Amino acid sequence: MALKATIFKATLNIADMDRHYYGDHQLTLARHPSENDERMMIRLLAFLLNASENLEFTKGISTDDEPDLWQKSLSDEIELWIELGLPDESRLRKACSRARKVILYTYGGRGVPVWWEKHQSKLSRFNNLNIINLPPDATEELAKLAERNMSLQCTIQDGEISIGNESTLVAITPERLYPR
């Protein structure tokens, strides 16, 4: 018998002073059986960092030809493609050819520098690619905020992210890998 996705509900209050975006969002996230709380919360963080009325979660892990999140134009062109983790160079090449802008959020600690060393020369030719590394201690703390029904407040200012609920606040300082 196949395992089913676990459904999470998130109420988000976003104050992104860097992009001048302020909004409230009601989201439903389906956590794939192979996905842990940390990865799901990184998906949510990627939404927070790029929030707009048209940004949406895709089928993600269960689909090879879609990112974790994307934003499409009214004419169905992919404006923004968001990936998570340490994907193969060919996947990012394909994303860069299909989307106006691609953002990769890497995480996982010690594996990131090894992955970047291996792929840096090939990926540096893509002008529409941004790679941002999330520190492992922050993503572990972020995972602790995961609840079936979440109400989270997020403030983004000067590249610093504060996200929390009534009792816990997590501070995240992402590191830009590409472009520098």
Side-chain angles (χ1 to χ4, degrees), residues 5-62 67-71 80-87 92 101-116 129-180:
T6 304
I7 303 300
F8 287 76
K9 302 277 187 179
T11 300
L12 307 176
N13 176 269
I14 304 167
D16 186 340
M17 290 169 247
D18 291 349
R19 294 188 309 133
H20 304 290
Y21 179 86
Y22 307 92
D24 296 316
H25 293 269
Q26 303 285 328
L27 302 176
T28 300
L29 291 97
R31 189 182 72 197
H32 191 273
S34 66
E35 186 176 42
N36 60 22
D37 284 345
E38 181 179 31
R39 188 176 191 289
M40 181 192 67
M41 293 302 288
I42 292 170
R43 277 196 299 137
L44 190 62
L45 177 64
F47 183 92
L48 291 165
L49 293 170
N50 299 280
S52 76
E53 296 304 318
N54 299 325
L55 184 64
E56 60 187 21
F57 293 101
T58 66
K59 295 174 187 166
I61 290 176
S62 61
D68 289 284
L69 296 102
W70 64 15
Q71 179 177 313
L80 177 60
W81 178 294
I82 299 175
E83 286 283 335
L84 306 178
L86 304 173
L92 291 173
K101 181 178 181 180
V102 176
I103 302 175
L104 169 64
Y105 291 99
T106 62
Y107 66 97
R110 291 181 285 174
V112 175
V114 173
W115 175 88
W116 182 234
L129 176 63
N130 291 280
I131 303 174
I132 299 165
N133 185 44
L134 302 170
D137 54 336
T139 59
E140 289 169 13
E141 289 300 311
L142 186 63
K144 295 175 184 174
L145 293 176
E147 297 177 3
R148 295 289 295 271
N149 289 298
M150 299 177 264
S151 181
L152 301 171
Q153 295 75 42
C154 178
T155 303
I156 303 166
Q157 184 173 14
D158 299 327
E160 302 283 326
I161 306 154
S162 297
I163 181 171
N165 55 26
E166 301 104 27
S167 62
T168 306
L169 184 66
V170 177
I172 303 171
T173 305
E175 172 195 8
R176 179 173 291 281
L177 293 180
Y178 179 80
R180 289 241 176 218

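In this chain, numbering begins with 1 at the start of the sequence shown. Because the structure is a prediction, the values reported are computed rather than measured.
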Acceptor/donor pairs from residues 173-180 side chains to any protein atom, 3.5 angstrom cut, sequence neighbours excluded:
| unit_1 | atom_1 | unit_2 | atom_2 | d |
| --- | --- | --- | --- | --- |
| T173 | OG1 | E160 | OE1 | 2.7 |
| T173 | OG1 | E160 | OE2 | 3.4 |
| R176 | NH1 | N130 | OD1 | 2.9 |
| Y178 | OH | S124 | O | 2.7 |
| Y178 | OH | F126 | O | 3.1 |

- Query: If you measure from CG on N133 to CH2 on W116, what distance do you get to the nearest 0.5 Å?
  - Reply: 10.5 Å
- Message: So, taking the atom named CE in M41 and the one named CE in M150, what distance separates them when rounded to the nearest 0.5 Å?
- Response: 5.0 Å
- Donor-acceptor contact below 3.5 Å, side chain H32 vs main chain S34: yes
- What is the minimum heavy-atom distance between E83 and P67, and which atoms define it? OE2-CA, 3.6 Å
- Message: To the closest 0.5 Å, what do you measure between CD1 (I161) and CD1 (I14)?
- Response: 11.5 Å
- Note: Y21 and A51 closest approach over all heavy atoms is CE2-CB, 3.6 Å
- Message: Taking side-chain contact (heavy atoms from CB on, under 4.5 Å) as the definition, give me every residue that meets it alongside L169, ordered by chain and number, with sequence neighbours left out.
- Response: S162
- Message: Can a donor-acceptor pair be found, under 3.5 Å and without considering hydrogens, that links the side chain of R31 to the backbone of N36?
- Response: no
- Note on the structure: Shortest non-hydrogen pair, R19 vs L49, comes out as NE-O, 3.5 Å
- Rounded to the nearest 0.5 Å, the CG atom of L86 sits from the CG atom of L92 at a distance of 10.0 Å
- Note on the structure: Tested for side-chain contact (heavy atoms from CB on, under 4.5 Å) against Y105, the lone hit among I82, L69, L45 is I82
